[in-house]
Visitor: 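Let me give you the structure first, and then I'll get to my questions.
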Protein chains: 2
Amino acid sequence: MPDLSIDVVAKAAGVHRSTVSRAFSRPEAVKSETREHILRVAEGLGYTMSPLAQALRKKTSTFIPLIVPDITNPFFAELAKTMTQAADERGYQLLLCVTNGDPAKTEGYFIAMQAMYAPFGIVAPSTKVDTEALKRFDFGHKVVVIDRVEGDDAVPTVTVDSRRGIMLALDHLHALGHTSIGYVSGIAGTHTAQDRMDAYLELSAESGSAPVVLDSGSDLDAGTRGAEHFLEMEKPPTAIIAANDMVAFAVISALGKSGVRVPEDVSVIGFDGLALGARFNPPLTTIRQPIADMGHIAIELAEKQNIDGSVDHIVLEPELLVRASTSGPRK
Amino acid sequence: MPDLSIDVVAKAAGVHRSTVSRAFSRPEAVKSETREHILRVAEGLGYTMSPLAQALRKKTSTFIPLIVPDITNPFFAELAKTMTQAADERGYQLLLCVTNGDPAKTEGYFIAMQAMYAPFGIVAPSTKVDTEALKRFDFGHKVVVIDRVEGDDAVPTVTVDSRRGIMLALDHLHALGHTSIGYVSGIAGTHTAQDRMDAYLELSAESGSAPVVLDSGSDLDAGTRGAEHFLEMEKPPTAIIAANDMVAFAVISALGKSGVRVPEDVSVIGFDGLALGARFNPPLTTIRQPIADMGHIAIELAEKQNIDGSVDHIVLEPELLVRASTSGPRK
DNA sequence: ACTGTTATTGCAACCGATCTCAGCAACCGA
DNA sequence: TCGGTTGCTGAGATCGGTTGCAATAACAGT
């Protein structure tokens, strides 16, 4: 491939390189006849513009960083999946940035994205700290966050209604006849995690039953500890709400090791709606978040903000997904 | 940030921009005194070089595409995780490319990576077709493949010894007293998937027991179908080897729905060693692949090839990871 | 003191586009 | 017929670095 640059196309088409440039990026500025000729020639040569050169000159690239704490967590993986798709459709390339929950890394990625002329970035924060960091960077480069951001309306966000989700879970369990419902907190120190917990506390108080927080930790082992706690109780709840599917998996797994069966002995409901849940043992009843929508919406929000400066906060509706990990309480 | 370019640093340090450039990228070519001064000034200004500009001029970037069929599959997610880490350490940025098993997309990414001046790419193919595509592109840009490549020694690969893995699984099961061991095939139409299956066929024949392939499909539902098949047999095997952990999950889940318990009624062993397996119900016994190593090695191989043109084929050793999904056969 | 390295640094072209400005032809109304 | 638009294309500077080459300084050797 003899280095296909805009100049060789220009020569081949018998026009100046600026005309070729226009033929691609501002078609209406070129006589249609000329344009088609150029495009045809380019096509024939198999020419595509260099995104690098474009980015350098235009000071805006097509690289969009997706900053997640852990791609190994299926929630973020599913997010990444829909995101790549949405990105592809619009000609962006996703840069995968994994922070491992280290705020320093997050900041590192922020500065990198500036250097990269990223038009915007998507952040799925692992802790509130990440969102704090946002403020320190007076973004010329915009960011949209998959979480709530504390008292900051300057950054677009997309989330699902945590309260509503917990309500759906509680209603489902109540309908099955459960009255004593425990809770195991989530993996993350995000606002979302906190919101779910708060909702649980409030809503169960409202319904008259005493909340039973089995574990309020924020690490991967919350599920395991929650299960241990459960096993130690003399009068354990008959159902458990897990702050997210991963935790639910851990709870069920740990319970299983001690011979406690789900849903026969205790019902467990998750929160996320991971595809994986369908293949769990037993298939997990859960509150589904519209993850696929979140990816698309996040990118739309970012683009919108880039254009008209609007900052939206989208709150999506979760829905109950009944599979097999919940049933009526043991008599 | 008043657009920090190399020229402003040069001015601030009182030298020419080429000297600044050298101070960063070829330190030995600058008097140490000068260099340190420049670096200090740059530091003070918070200057970093533009990867875009560098890439454009040098015709080699730090973007390295990671091409996977499905990031939602935890195996690829874990791969991506170690990969980002390895990439970060060496100053690369990972471009996440998800093909969904569509060879056309794979090709698209190949051409994109040329345009991006990617120094190399990592491909975890979903089908043999992907590796075929490799050949059509007479790579100036190198690729390393996480799979075997049919009769082509021109591309570096890293894999784990499938045969050895299956052998470990078989031995484990035999040691527990199983004599009738079924097999459910994997997700992918890769060489790896095929190798595992072939190994199973050969090795069980050698050990004198008739192979029982419960399902040889290559899609996500292989596990479910395998389980169905199992349930229909009048004399089903007492243990099942799944070609990978995801399939094992599906098998156990499907079996569970029909009241078949693991490992009480049947033992199941996976292949991958996903972290997720530890939180499955029951925790999954499996053949562990050193995924973390694979990521690092892949990148090392690529760099090595770039430098001295060497093409290596690394084969890693799998190991048995006993958790709780296997036990002695039911009497 | 004179010439031949060697170590440093400056110069300027170049990577592959974009974009402002200027030039030119066709077109319009008066 | 002439100034004024309008439409389209070419020139050339520019984005932020890199690099071969030339220039200068410093240092040896004789």
Visitor: Do NZ/NE/NH1/NH2 and the carboxylate oxygens of B:R90 and B:E300 come within less than 4.0 Å?
Guide: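 A salt bridge is present here (some side-chain N lies under 4.0 Å from a carboxylate O).
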Visitor: Nearest whole angstrom, please: distance from the C1' of D:dG17 to the CZ of B:F24.
Guide: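 Distance, rounded to whole Å: 12 Å.
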Visitor: Is any side-chain N or O of B:K58 closer than 4.0 Å to OP1 or OP2 of D:dT19?
Guide: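 False: B:K58 side-chain N/O out of range (4.0 Å or more) of D:dT19 OP1/OP2.
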Visitor: Listed by chain and number, what are the side-chain contact (heavy atoms from CB on, under 4.5 Å) partners of A:A112, not counting sequence neighbours?
Guide: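 A:A112 satisfies side-chain contact (heavy atoms from CB on, under 4.5 Å) with no other residue.
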Visitor: For A:Q93 and B:Y109, does a side-chain donor sit closer than 3.5 Å to a side-chain acceptor?
Guide: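 Absent: no donor and acceptor within the cut-off.
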Visitor: Just N and O in the side chain of A:Y117: are any of them under 4.0 Å from OP1 or OP2 of D:dG16?
Guide: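 So the side-chain polar atoms of A:Y117 do come within 4.0 Å of the phosphate oxygens OP1 or OP2 of D:dG16, strictly under.
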Visitor: Check the distance between D:dT18's P and A:L56's CG and give it to me in whole angstrom.
Guide: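 Atom CG in A:L56 sits about 12 Å away from atom P in D:dT18.
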Visitor: Need to verify one output field. Residue with the more 5' nearest nucleotide on DNA chain D, A:R57 or B:I6?
Guide: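 The 5'-side residue here is A:R57.
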Visitor: Using side-chain contact (heavy atoms from CB on, under 4.5 Å), reason through B:T19 and B:R22 one step at a time and then give a plain yes or no.
Guide: CA-CA 5 Å; B:T19 305; B:R22 281 187 284 254; 4.1 Å; yes
Visitor: Roughly, in whole Å, what's the span from CG in A:D7 to P in C:dT18?
Guide: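 Atom CG in A:D7 sits about 12 Å away from atom P in C:dT18.
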Visitor: Taking it one step at a time, do A:V144 and A:T157 satisfy side-chain contact (heavy atoms from CB on, under 4.5 Å)?
Guide: CA-CA 6 Å; A:V144 1; A:T157 57; over 6 Å; no
Visitor: For residues 11-23 of chain A, which residues have at least one heavy atom under 4.0 Å from DNA chain D?
Guide: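 A:V15, A:H16, A:R17, A:S18, A:T19, A:R22, in order of number.
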Visitor: Rounded to whole angstrom units, what separation is found between the CE atom of A:M116 and the C1' atom of D:dG17?
Guide: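 Whole-Å distance recorded here is 15 Å.
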Visitor: Is B:K59 close enough to C:dG16 that one of its side-chain N or O atoms is under 4.0 Å from OP1 or OP2 there?
Guide: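 Checking C:dG16 against B:K59, a side-chain N or O does come within under 4.0 Å of OP1 or OP2.
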Visitor: Begin with the C-alpha distance, continue with both residues' side-chain angles, and end with the deciding distance and a verdict on side-chain contact (heavy atoms from CB on, under 4.5 Å) for B:V9 and B:L45.
Guide: CA-CA 8 Å; B:V9 178; B:L45 268 47; 4.3 Å; yes
Visitor: Begin from the C-alpha positions of B:V98 and B:F76 and carry the test side-chain contact (heavy atoms from CB on, under 4.5 Å) through to its verdict.
Guide: CA-CA 10 Å; B:V98 182; B:F76 296 117; over 6 Å; no
Visitor: Which nucleotide, in any strand shown, forms a Watson-Crick or G-U wobble pair with D:dG17, with both distances under 3.5 Å?
Guide: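 Result: C:dC14.
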Visitor: Rounded off to whole Å, could you give me the CZ-to-P distance for the A:R26 and C:dC19 pair?
Guide: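 That distance rounds to 7 Å.
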Visitor: Please list residues of residues 31-55 of chain B whose heavy atoms come under 4.0 Å from any atom in DNA chain D, ordered by number; otherwise none.
Guide: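 When residues 31-55 of chain B is checked for heavy atoms under 4.0 Å from DNA chain D, the hits, listed by number, are B:Y47, B:T48, B:M49, B:S50, B:A53, B:Q54.
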Visitor: Once you round to the nearest 0.5 Å, how far does CD1 of B:I64 lie from CE of B:M83?
Guide: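 One gets 6.0 Å once the value is rounded to the nearest 0.5 Å.
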Visitor: What do you reckon, are the aromatic ring centroids of B:F63 and B:Y117 less than 6.0 Å apart?
Guide: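 No, they do not, as the ring centres are separated by 6.0 Å or more.
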